[in-house]
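No experiment lies behind these values; they were computed from the predicted model shown. Numbers restart at 1 for each chain; the letters A, B, ... are given by sequence-line order, proteins then strands.
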Amino acid sequence: MTAAVLERADELFAALAEPNRRLLLEHLGARGAATATALAAELPVTRQAVAQHLAVLERVDLVTSARAGRERRYTVHVQPLTAAAIWMNQVAAQWDERLAAIKVLAETP
Amino acid sequence: MAEDRVERTVVIAATRERVWEVLTKPEHIGRWFGPGTPTAVDLQPGGVMVLEPPGSGERYLARVVTVDPPHYFAYRWASAYPDVVADETNSTLVEFRLNSEDAMTRLTVCESGFASLKIPAGREHFSSYESHSEGWTEIVRILADYAERNAP
């Protein structure tokens, strides 16, 4: 894990701030791999919108794609950036819990 | 997020001395960190403090770095290496600062040094998530929470 990896986290979270993109990622993650057409059939968005969201996700390396006939097949990609960001987020959540527990203990006579 | 550290703060309706006690006494550490039972703490620089995250069944041997009651407490812990005493190469630094605010205490915790951590093979919990859709859904949920809190 390197500092450079962590620096890209902002870009990643900007990409994830859009709810439809997250929905798309969840579906893609559950399927393993899919084309934009297949994803559009499952979601309340057009194929064109799906393709645009996938392009954004691919730019931040959350998905990768490979040609499959006339379309591209997308797969989710949890690379080190994601792992690092998730890890630090979990560390923060754990400290929130521990600090809350310290507060309760200290405030209890 | 660009920084190599996690910082969190809480304001507590108690004196610094009281917060210090909770932070450093075995019976309290066992409750705010560990499984509920008192944990072994050698409260001096270089001393070992045993941390047992609840539900993990694992034991971490943190190394106390600084003890300055009731202002500052620091230790290193090797969260990827159970049963190994923390040193400069395998651990993050955890620092607690206690500041008085009227009758209250502001407690700040800062954990740093993640970027230089080497995670041994098999301890990188998230690498296995890629192949599990359930794990992936959980990751997206966590990322979504984070994104909402940090959106520009």
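- Each of B/Leu61 and B/Trp77 belongs to its own hydrophobic cluster when Ile, Leu, Val, Met, Phe, Trp and Tyr are linked at side-chain heavy-atom distances under 4.5 angstrom.
- With rounding to the nearest 0.5 Å, the separation of CZ in B/Phe96 from CH2 in A/Trp95 is 4.0 Å.
- Heavy atoms of B/Thr9 lying under 4.5 Å from chain A belong exclusively to its backbone.
- Note on B/Val50 and B/Val65: separate hydrophobic clusters, where clusters join Ile, Leu, Val, Met, Phe, Trp and Tyr whose side-chain heavy atoms are under 4.5 Å apart, directly or indirectly.
- If you chain together hydrophobic residues whose side chains sit under 4.5 Å apart, A/Val63 and A/Val45 fall into the same group.
- Cluster annotation: A/Leu43 is connected to A/Leu54 through the hydrophobic network of ILVMFWY side chains, with a link wherever side-chain heavy atoms come within less than 4.5 Å.
- No side-chain donor-acceptor contact under 3.5 Å links A/Lys103 to the backbone of B/Val10.
- The environment of A/Arg70 atom CZ is sparse: at most 12 non-hydrogen atoms of other residues, nucleotides or ligands sit within 6.0 angstrom.
- Not one N or O on the side chain of B/Arg31 forms a donor-acceptor pair closer than 3.5 Å with the backbone of A/Ala101.
- Residue A/Gln48 qualifies as open at atom CD: its count of foreign heavy atoms under 6.0 Å is 12 or below.
- Only the side chain of B/Val94 comes within contact range of chain A, with heavy atoms under 4.5 Å apart.
- Looking at every heavy atom in both residues, B/Ile12 comes nearest to A/Ala106 through CG2-CB, 3.8 Å.
- We find the CG-CH2 distance between A/Leu105 and B/Trp32 to be 10.0 Å, quoted to the nearest 0.5 Å.
- In this structure, CD in A/Gln94 is found 11.5 Å from CZ in B/Arg8, a value given to the nearest 0.5 Å.
- Linking Ile, Leu, Val, Met, Phe, Trp and Tyr whenever their side-chain heavy atoms come within less than 4.5 Å leaves A/Leu23 and A/Val56 in two separate clusters.
- Shortest non-hydrogen contact noted between A/Thr108 and B/Arg18 is O-NH2, 3.1 Å.
- Rounded to the nearest 0.5 Å, atoms CG (B/Leu51) and CZ (A/Arg98) are 8.0 Å apart.
- When heavy atoms are compared at a cutoff of 4.5 Å, B/Leu23 approaches chain A solely by way of its side chain, counted from C-beta outward.
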